[in-house]
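Letters A, B, ... mirror the listed sequences (proteins, then strands); counts begin at 1. Here the structure is a predicted model, which is why all the values come from computation and not from measurement.
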Protein chains: 2
Amino acid sequence: MLTNKNWNCSMSRVLDVVGGKWRMNILWVINKHKKVRFNQLRREVEGITTISLTRGLDVLIENQLIEKYDFETIPLHTEYELTEKGKSLMPILRDLNQWGKEWLQ
Amino acid sequence: MLTNKNWNCSMSRVLDVVGGKWRMNILWVINKHKKVRFNQLRREVEGITTISLTRGLDVLIENQLIEKYDFETIPLHTEYELTEKGKSLMPILRDLNQWGKEWLQ
DNA sequence: CCGAATCCTTGTTGATACTG
DNA sequence: CAGTATCAACAAGGATTCGG
């Protein structure tokens, strides 16, 4: 998404990680539940499709904001959970959300 | 960009406004100068082209985060400045930037 | 149940050239 | 100086189908 490395602030990297259409919302819902399974996530992030959810989770895992736990059972069972890094972003997400409520009706 | 209206938080609208590739950086530079002209902005937002700058400014003006002042002289002279709404976002941008520095090397 | 693979549509960004 | 017009390239998102 973003490639320019010469900026004088870290905003570009931040948006690389959480700037997509769904990613902040995915984080939001995971945070609400602490641990959450794939299909529950899909139900609660309203409007998301399985592929967008998969891609969003992939990016968040790559950047270590969340962790995936794979129980190798049949049927499959996976859980997603915030890492410390992910948790450290939540206060800012709350502020952003609050700002949106106050200023964007 | 974003169209889903049913989310249980305002994140989607926030990203509509400031989620683009350059927009937070444009805000950042405008804030640094208080008032700034087009070409100065283009020089300081490193890597941006005139068209991307124009588009970014348009979105920010539409959403009333910045204001444009047009001095109808020859040669042309314009200035951009943050509105109260734009200023109200700056603390959060600072936090995001700081988070990026701490967690994304 | 939890996804991956494929194919397709749309949105975003950019290069270049040009204008009042 | 401060943009616009046009065209091109690519990334993001989505529908559907398939598999362990």
Side-chain angles (χ1 to χ4, degrees), chain A residues 1-7 11-13 15-26 29-30 33 35-63 66-81, chain B residues 1-7 11-13 15-26 29-30 33 35-63 66-81:
Chain A
M1 178 187 184
L2 305 175
T3 51
N4 194 324
K5 303 300 179 196
N6 299 330
W7 295 0
M11 221 66 86
S12 52
R13 280 288 302 133
L15 289 176
D16 271 347
V17 176
V18 296
K21 179 169 176 177
W22 302 105
R23 303 209 280 269
M24 286 193 186
N25 238 263
I26 294 171
V29 173
I30 295 178
H33 290 282
K35 284 176 196 279
V36 59
R37 298 183 60 172
F38 186 88
N39 275 328
Q40 188 176 3
L41 213 39
R42 190 163 55 74
R43 279 189 300 274
E44 296 200 31
V45 180
E46 296 180 46
I48 200 169
T49 59
T50 89
I51 190 147
S52 297
L53 180 51
T54 299
R55 286 176 192 166
L57 289 169
D58 284 348
V59 174
L60 294 173
I61 290 168
E62 271 173 38
N63 290 282
I66 61 175
E67 239 171 334
K68 174 178 178 175
Y69 297 96
D70 228 315
F71 303 83
E72 309 213 347
T73 56
I74 306 290
L76 294 177
H77 180 139
T78 58
E79 285 181 354
Y80 299 89
E81 188 173 359
Chain B
M1 180 185 182
L2 303 175
T3 49
N4 193 323
K5 304 299 179 196
N6 299 330
W7 295 358
M11 220 65 85
S12 52
R13 280 287 303 134
L15 288 178
D16 271 347
V17 177
V18 294
K21 179 167 176 178
W22 302 104
R23 304 210 279 268
M24 286 193 186
N25 238 262
I26 294 171
V29 173
I30 296 178
H33 290 282
K35 283 176 195 278
V36 59
R37 299 182 61 169
F38 187 88
N39 276 329
Q40 187 176 5
L41 212 41
R42 191 163 51 75
R43 280 190 300 274
E44 297 199 31
V45 180
E46 296 181 45
I48 201 171
T49 58
T50 95
I51 191 151
S52 296
L53 179 52
T54 299
R55 287 174 195 167
L57 289 169
D58 284 348
V59 174
L60 294 172
I61 290 167
E62 271 173 37
N63 290 283
I66 62 176
E67 236 170 337
K68 173 176 176 175
Y69 297 96
D70 227 313
F71 303 82
E72 310 212 345
T73 57
I74 306 290
L76 295 178
H77 180 141
T78 59
E79 285 181 356
Y80 298 90
E81 188 173 358

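Going from atom CG of Leu57(B) over to atom P of dG3(D) covers 7 Å, rounded to whole Å. For the pair Leu53(B) CG and dA2(D) P, the interatomic distance rounds to 10 Å; values are reported in whole Å. For Phe71(A) and dG3(C), the CZ to C1' distance is 16 Å, given to the nearest whole Å. Computed from coordinates, the Glu72(A) CD to dC1(C) P distance equals 19 Å when rounded to whole Å. In this structure, His77(B) places its NE2 atom 17 Å from C1' of dG20(C), rounding to the nearest Å. Whole-Å rounding puts the Ile61(B) CD1 to dA2(D) P distance at 13 Å. Across the protein-nucleic acid pair, Asp58(A) atom CG and dG3(C) atom C1' stand 10 Å apart, rounded to whole Å. As rounded to whole Å, 10 Å separates atom P of dA4(C) from atom CG of Asp70(A).
Between the base of dG3(D) and the side chain of Arg42(B) there is no donor-acceptor pair shorter than 3.5 Å.
Note on Arg37(A): only backbone sugar-phosphate atoms sit closer than 4.0 angstrom, heavy atoms only; bases stay farther off. Within 4.0 Å of Tyr80(B), counting heavy atoms only, lie sugar-phosphate atoms of the nucleic acid but no base atom. Heavy atoms of Thr50(A) sit under 4.0 angstrom from at least one base atom.
Residues His33(B) and Glu44(B) have side chains that bring a donor and an acceptor to within less than 3.5 angstrom of each other.
The phosphate of dG14(C) has OP1 or OP2 within less than 4.0 Å of a side-chain N or O from Trp22(B). The shortest distance between the side-chain N/O atoms of Lys21(B) and the OP1/OP2 oxygens of dG14(C) is below 4.0 Å. Distances shorter than 4.0 Å separate some side-chain N or O of Thr78(B) from OP1 or OP2 on dG3(D). Put simply, Thr54(A) has no side-chain N or O that comes within less than 4.0 Å of OP1 or OP2 on dG3(C).
The side chain of Ser52(B) lies closest to dG14(C), out of dG14(C), dG20(D), dA15(D). Comparing dC1(D), dG20(D), dG14(C) by their closest approach to the side chain of Ile51(B) singles out dG14(C). For Phe38(B), whose side chain is taken as the heavy atoms from C-beta onward, the closest listed nucleotide among dT6(D), dA2(D), dC2(C) is dA2(D).
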Asp16(B)/Arg13(B) under salt bridge (Lys or Arg N to Asp or Glu O under 4.0 Å): CA gap, chis, key distance, verdict: CA-CA 5 Å; Asp16(B) 271 347; Arg13(B) 280 287 303 134; 3.5 Å; yes

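Annotation: the terminal axes of the helix from dC1(C)-dG20(D) to dG20(C)-dC1(D) meet at 50°, where each axis is the rotation carrying the C1' atoms of four end pairs onto the next four (5 pairs per end, rounded to 10°).
Between Glu81(B) and Ile66(B) there is no side-chain heavy-atom pair separated by less than 4.5 Å. Residues Thr50(B) and Arg42(B) have side chains in contact (heavy-atom distance under 4.5 Å, counting atoms from C-beta outward). Between Leu53(A) and Trp22(A) the shortest side-chain heavy-atom distance does not fall below 4.5 Å. Between Val59(A) and Arg55(A), the closest side-chain pair of non-hydrogen atoms is not below 4.5 Å.
Between Arg43(A) and Leu76(B), it is Arg43(A) whose nearest contact on DNA chain C lies nearer the 5' terminus.
Atom CG in Leu41(B) sits 8.0 Å away from atom OH in Tyr80(B) (nearest 0.5 Å).
Stacking of Lys35(A) on the aromatic ring of Tyr69(A) is recorded, both the 6.0 Å distance cut-off and the 45° axial limit being met.
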